[in-house]
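So the structure is just underneath, and the comments pick up after that.
Residue numbers begin at 1 in each chain, while the letters A, B, ... track the order of the sequences. Any value given below was found using the heavy atoms of this structure, including those in side chains, with hydrogens, waters and symmetry copies removed.
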2 protein chains.
Amino acid sequence: MSHTYRYPRPALTVDIVVFGLDAEDLQVLLIERDGKPFRGQWALPGGFVDVGESPDDAARRELEEETGLSEIFLEQLYTFGNPGRDPREHVVTIAHYALVNLNEHDVKASSDARNAAWFSINDLPKLAFDHSEILKVALDRLRAKVRYQPIGFELLPKKFTLRQLQHLYELILDRELDKRNFRKKVLATEIVKETNQFEKDVAHRAARLYRFDQRKYDRMTKQGFNFEV
Amino acid sequence: MSHTYRYPRPALTVDIVVFGLDAEDLQVLLIERDGKPFRGQWALPGGFVDVGESPDDAARRELEEETGLSEIFLEQLYTFGNPGRDPREHVVTIAHYALVNLNEHDVKASSDARNAAWFSINDLPKLAFDHSEILKVALDRLRAKVRYQPIGFELLPKKFTLRQLQHLYELILDRELDKRNFRKKVLATEIVKETNQFEKDVAHRAARLYRFDQRKYDRMTKQGFNFEV
DNA sequence: CCAAAAGTGTTACTCCTACACCCATGT
DNA sequence: ACATGGGTGTAGGAGTAACACTTTTGG
């Protein structure tokens with residue numbers, strides 16, 4: 001079946017910048033292209049928006065189809081629509097960004113034949129289309145956003161040490177933070193609660209584990225906060 | 001001529017929330033619809049994105065066609081694409097917002113037969129489609145943005161008094177500000193320069209006129225600043 | 001007992017906030 | 001001379017930034 005319109009329409013897609021965190025680096029999830037153009041190059045996961053489907057739903061669907069990731073933090077980023085960005089035709093893409101905790105989500109579950117892999121944001125391959133630009137905008141957004149909304153927590157496991165949280169902020173903001181001031185600031189927000197559990201199997205004093213206060217977290221995500229670490 | 005695609009595509013439009021400022025209120029520019037659906041209701045200016053045209057260009061073109069406004073500050077806001085937002089078919093719209101100085105731009109120049117008018121944001125009519133929601137998001141964005149980027153200046157004439165600037169901030173943020181602290185803060189940014197001109201024809205001491213320092217303005221627009229008035 | 005990271009307070013400084021009076025101009 | 005808004009300074013408080021040592025644990 002084919003579809004006819006009175007006027008031509010740009011194609012509409014979604015692309016998703018998925019950020020993850022390992023011990024070393026902030027990472028991005030990329031897909032190896034198997035079709036033209038840019039065959040064999042790495043690209044952001046994404047695909048067409050179906051008629052009758054919201055862009056947000058399309059982003060979640062594509063992400064699950066291509067990488068197996070579901071039920072993660074996902075937000076709209078920006079819409080890119082310069083006519084030259086896809087050599088085949090005019091394709092407008094609604095870019096999103098997502099945050100996942102690598103310990104609790106496994107990307108190998110991908111049902112798609114295509115190759116998916118994590119790359120450090122400090123060591124990225126050349127990307128297809130204008131995806132480098134999209135990634136840059138996503139990173140800028142992430143950096144700006146952690147300063148006034150507690151979204152960074154989405155990248156950590158449910159229970160985490162304050163050092164892990166600090167490390168996350170250091171990776172995102174790309175600078176070192178003072179340990180004492182950081183702890184004071186985080187605890188002052190009351191967004192984390194201490195547990196009675198501790199790290200295991202470390203060759204030094206074990207750090208206390210904390211978890212989010214979901215009620216405070218939700219309130220602060222809506223209202224915003226000032227976290228000028 | 002008609003156009004056939006293998007898969008159906010959502011329609012793609014732009015809508016623009018144009019903010020203006022008069023002595024009393026923050027205003028929004030609306031268009032009276034003359035076609036179905038929502039005939040006779042007020043709506044945001046906007047229209048279809050042509051193939052081969054960037055969304056940004058489409059927004060500028062539609063704005064000029066419908067209201068005569070050109071060469072104004074315009075930025076992408078958010079893309080709205082819930083399938084139910086237009087009763088005819090699935091229409092995805094890339095919403096933008098624009099800021100204009102009402103003294104230097106005249107909306108009567110509209111070449112389009114449709115009726116265009118300014119409305120106070122405190123006294124809005126019922127809007128077509130999901131345009132009330134778009135307007136709300138635009139207003140939230142404007143409020144958030146004036147705190148860290150000097151975009152509010154776009155709403156003022158080239159030369160203005162500090163009282164006008166303060167009034168603008170009070171209208172956008174919807175609260176009163178302290179005159180002395182506001183002046184200190186603005187002058188400390190060095191984004192405005194004093195001129196040797198003064199207000200005319202006022203029945204009291206004439207206020208000094210200021211203008212932007214364009215170099216500082218551009219730098220701060222890019223880098224952001226903290227303007228927690 | 002050594003290595004490694006956890007955990008903890010104080011001080012100086014900067015920035016923000018609150019607040020009231022005199023000045024210049026036109027009528 | 002009076003009415004109207006223009007223009008100015010200071011003091012107290014809050015928050016930020018800089019900084020070093022002791023504690024706990026495993027090997």
Provide, to the nearest angstrom, the distance between the CD atom belonging to B/Q164 and the P atom belonging to D/dG5.
14 Å

Has the side chain of A/R180 got a donor or acceptor atom sitting under 3.5 Å from an opposite partner on the base of D/dA20?
yes

Measure from CD on A/E194 to C1' on C/dG7 and round the result to the nearest Å.
12 Å

Between atom NZ in A/K200 and atom C1' in D/dG26, what is the gap in whole Å?
15 Å

For A/E176 and D/dA18, what is the distance between atoms CD and P respectively, to the nearest whole Å?
12 Å

With a non-hydrogen cut-off below 4.0 angstrom, is B/D201 in contact with a base, only sugar-phosphate, or nothing?
nothing

Report the distance from atom CG of B/L156 to atom NE2 of B/H167, rounding to the nearest 0.5 Å.
10.0 Å

Check the distance between C/dC16's C1' and B/F182's CZ and give it to me in whole angstrom.
15 Å

Separation of atom OH in B/Y210 from atom C1' in D/dG6, rounded to whole Å:
10 Å

Which of the following nucleotides, C/dG7, D/dT4, D/dT25, is nearest to the side chain of A/R183?
C/dG7

Which part of the nucleic acid, if any, lies within contact of B/K179, taking any heavy atom under 4.0 Å across all strands shown: a base, the sugar-phosphate backbone alone, or nothing?
base

Look at all strands and tell whether A/R208 reaches a base, only sugar-phosphate, or nothing, counting heavy atoms closer than 4.0 Å.
sugar-phosphate

Regarding A/R163, tell me which of base, sugar-phosphate or nothing describes its non-hydrogen contacts under 4.0 Å with the strands shown.
sugar-phosphate

Are A/F38 and A/F129 close enough that their ring centers fall under 6.0 Å?
yes

By nearest-nucleotide position on DNA chain D, the 5'-leaning member of B/T161 and B/D178 is B/T161

Closer to the 5' end of DNA chain C via nearest nucleotide, is it A/F198 or A/A203?
A/A203

Under 4.0 Å, counting only non-hydrogen atoms across every strand here, what does B/K184 touch: a base, just sugar-phosphate, or nothing?
base

Please state how far atom CG in B/L209 lies from atom C1' in D/dG7, giving the value in whole angstrom units.
15 Å

Between the base of D/dA3 and the side chain of B/R205, is there a donor and acceptor pair under 3.5 angstrom?
no

Taking for each residue the nucleotide of DNA chain D with the nearest heavy atom, is it A/N181 or B/E199 whose nucleotide lies nearer the 5' end?
B/E199

Using the rule given for side chain to side chain contact (heavy atoms under 4.5 Å, CB included), can you reason through B/V137 versus B/L139, listing the C-alpha separation, both sets of side-chain angles and the distance that settles it, and then say yes or no?
CA-CA 5 Å; B/V137 172; B/L139 197 50; over 6 Å; no

Is it true that, when you exclude A/E176 itself, more than 12 heavy atoms of the residues, nucleotides or ligands shown sit nearer than 6.0 Å to its CD?
no

Hey, would you say the A/Y148 and A/F225 ring centroids sit under 6.0 Å apart?
no

Value in whole Å for how far the P atom of C/dA18 lies from NZ of B/K185:
13 Å

